[in-house]
Amino acid sequence: MTLFLYDWAKNIQNAWLAPRCPVCAAAIDAAAPLCAGCHADLPVLETQCRHCAIALSESAATRVCADCARRPRFDHALAGFHYRQPIAWMIGGLKYHRHLAHARLLGDLLAERIALQAPEPPDLLAAVPLHPAAFRRRGFNQAERIAIRLADRLGWRVERDVFARVRDTPHQSALDAAQRAANVRDAFAARRDLAGRHVAIVDDVMTTARTASALARTARTAGAARVDVYCVARA
Ligand SMILES: [Zn+2]
Ligand SMILES: [Zn+2]
């Protein structure tokens with residue numbers, strides 16, 4: 001009887017502690033970010049512009065969008081996923097509900113997508129910075145949390161405080177196109193000389209790419225020889 005109770009308690013404990021898929025709560029292997037079913041259903045962004053990660057049709061002749069054919073936004077860009085569920089839910093949970101475990105999850109999922117392409121490792125990986133006031137409001141920088149996990153997974157070097165956000169820009173979503181462009185112009189400063197460096201920027205979601213573009217411009221002004229961008233989701 002005692003043994004039976006012990007087994008029973010042990011089973012409950014194992015069920016409680018066993019890693020679960022964050023999307024559907026099925027039991028998963030500790031090393032897997034998601035269960036196999038949810039993993040297979042992720043909205044992977046397969047065909048995208050190599051310079052800005054915008055989705056292209058599968059039949060696109062080149063992997064460069066019309067805008068980047070004129071002037072490439074980044075030397076190399078890669079988005080892991082479309083900004084759709086469950087990725088949007090994971091990002092929202094991190095940003096607005098402090099589900100910090102989602103940063104590890106998103107870092108793992110983006111690392112998987114990047115590893116498939118085996119791109120040239122950058123000299124340094126830096127997250128899109130938050131303005132100190134925004135950092136205080138949120139308590140953490142979601143892009144930086146993702147970047148730290150990503151770097152860990154890929155064996156890349158992440159550096160903090162490479163860039164500063166010198167203007168507390170209002171939410172981009174509340175602004176029209178012209179206001180958005182003006183809003184991020186001169187929003188960033190480089191805190192160190194980046195002469196000849198290969199810099200990669202990490203962001204959670206890239207929508208218009210104006211924010212990341214402004215940061216890339218700042219990096220180039222500070223001497224960066226190459227600027228790549230990696231984002232979890234591309235809207
Ligand atoms: Zn699942
Ligand atoms: Zn493009």
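These numbers were taken from a predicted model, which means no experiment stands behind them. One-based numbering, in listed order, for ligands and for the atoms of each.
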Non-hydrogen atoms of [X] and [Y] that approach each other most closely:
X	Y	answer
Asp75	Arg226	OD2-CA, 3.3 Å
Ala79	Arg234	CB-CB, 3.6 Å
Glu144	Arg160	OE1-NH2, 2.8 Å

Q.
Given the Zn ion (ligand 1) as the apex, I'd like the angle to SG of Cys21 and SG of Cys35, rounded to 10 degrees.
A.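 Between SG of Cys21 and SG of Cys35, at the Zn ion (ligand 1), the angle is about 120°.
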Q.
Working to 10°, measure the angle at the Zn ion (ligand 1) formed by atom SG of Cys24 and atom SG of Cys38.
A.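 It rounds to 110°.
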**Q.** CA sep, side-chain torsions, deciding dist, call: His39, Glu112, side-chain hydrogen bond (donor to acceptor under 3.5 Å, both in side chains)
**A.** CA-CA 11 Å; His39 199 278; Glu112 286 177 359; 2.7 Å; yes
Q | Opening angle at the Zn ion (ligand 2) [SG, Cys52; SG, Cys49; to 10 degrees] | A | 110°
Q. Is the Zn ion (ligand 2) less than 2.8 Å from at least one N/O/S atom of Cys65?
A. yes
